[in-house]
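Any value given below was found using the heavy atoms of this structure, including those in side chains, with hydrogens, waters and symmetry copies removed. One-based numbering along the sequence shown.
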Amino acid sequence: MVVRVAGFVLLAAHLLLVAWIGLRPRDVAWVTAPNTIPLHGLRADLALGGAEAARLIGEGLLLLAPLGVLLPMADGRLHVSGWASLARTTAAGALVSLALELLQTAVPGQVVDVDSVLLNTTGVALAHLLLVPAGRTRLRRRWEGRRTPGQGSALPRNEGSQGATPTITRVPIAR
């Protein structure tokens with residue numbers, strides 16, 4: 001329960017930070033054209049040189065990467081398919097990134113860049129793959145180590161079984 005609450009609070013804080021970073025107006029003399037061709041902006045970034053390209057691509061990967069951990073943390077399920085969790089988290093990260101890009105169209109100085117959506121989504125997926133399976137395994141082991149033998153059953157701890165469930169004999173319907 002504590003993990004879910006902490007995950008939700010951290011998720012809300014991170015989304016507010018991302019909104020503040022991504023939706024601030026920029027004071028610029030000119031604005032570049034929107035990039036609607038996939039990987040076109042990445043090629044342009046790579047043409048700038050190694051250090052500058054690494055910085056720009058790293059920013060794109062890291063902006064929403066915490067969602068890869070915070071979304072499953074806010075969900076709080078320990079026993080879930082790894083692939084289903086990855087698919088849900090990546091889809092949610094892609095939707096958040098797309099919403100951010102669409103909201104940026106109304107902000108002065110901000111332009112749409114399809115490569116930002118691709119990088120942000122890749123960052124979410126990578127963070128999820130690197131951290132969530134190990135974290136869930138650790139939490140599962142800790143949870144199973146704390147459980148006592150009657151915890152998790154439908155019966156309260158101090159009550160034993162009360163015998164077999166009574167059955168009612170069938171009575172035929174009169175015709």
Check your understanding: What's the spacing between L119 CG and L126 CG if we round to 0.5 Å?
Key -> 10.5 Å
Point to revise | Inter-residue atom distance I57.CD1 - L62.CG, 0.5 Å rounding | key: 11.5 Å
Study note, to complete from the structure: Rounded to the nearest 0.5 angstrom, the CD1-CG distance for I37 and N35 is 6.5 Å
Check your understanding: Is V69 reachable from L78 through a run of hydrophobic residues whose side-chain heavy atoms are each under 4.5 Å from the next?
Key -> no
Exercise for review: Can you see which heavy atom on L63 is nearest to which on P66, and at what distance?
Suggested key: O-CD, 4.0 Å
Review point. Rounded to the nearest 0.5 Å, what separation is found between the NE2 atom of H40 and the CG atom of D45?
Key: 10.5 Å
Review point. How long is the gap from OG1 on T121 to CG on L98, to the nearest 0.5 Å?
Key: 8.5 Å
**Study point:** Exercise: identify the closest heavy-atom pair between A92 and L71
**Key:** CB-CD1, 3.7 Å
Check your understanding: What's the shortest heavy-atom distance between L70 and H14, and which atoms?
Key -> CD1-CB, 4.0 Å
Study note, to complete from the structure: Residues passing the salt bridge (charged side-chain N to carboxylate O under 4.0 Å, His left out) test with R55, sequence neighbours excluded, are E52, E59
Exercise for review: Tell me, please, which residues at least two apart from S97 pass side-chain hydrogen bond (donor to acceptor under 3.5 Å, both in side chains).
Suggested key: N120
Practice item. Would you confirm whether R136, through its side chain, and R77, through its main-chain N or O, come within 3.5 Å as a donor-acceptor pair? Key: yes
Practice item. State plainly whether one hydrophobic cluster holds both L11 and L23, where clusters connect Ile, Leu, Val, Met, Phe, Trp and Tyr through side-chain heavy atoms under 4.5 angstrom apart. Key: yes
Revision key, fill the gap. Smallest heavy-atom separation, A74 atom then G7 atom, equals CB-C, 3.9 Å
Point to revise | Minimum heavy-atom distance between G22 and L100, given as atom pair plus value | key: CA-CD1, 4.4 Å
Exercise for review: Indicate yes or no for a side-chain donor-acceptor contact from Q110 to the backbone of P25 under 3.5 Å, with no hydrogens or angles considered.
Suggested key: no
Review point. Cluster question for you: counting only ILVMFWY and a side-chain heavy-atom cut-off of under 4.5 Å, with indirect links fine, are L61 and I21 together?
Key: no
Study note, to complete from the structure: d(L10 CG, L67 CG) to nearest 0.5 Å is 11.5 Å
**Study point:** Shared hydrophobic cluster for V107 and V18 (ILVMFWY, side-chain gaps under 4.5 Å)
**Key:** yes
**Study point:** Residue pair S116 / E101: nearest heavy atoms and the distance that separates them
**Key:** CB-OE2, 3.2 Å
Check your understanding: Is R4 reaching over with its side chain to a backbone N or O of M73, donor-acceptor style, under 3.5 angstrom?
Key -> no
Review point. Is a side-chain N or O of D115 found less than 3.5 angstrom from the main chain of L39, in a donor-acceptor match?
Key: yes
Check your understanding: Distance-only, no hydrogens or angles: does the S85 side chain make a donor-acceptor pair with backbone N or O of G82 under 3.5 Å?
Key -> no
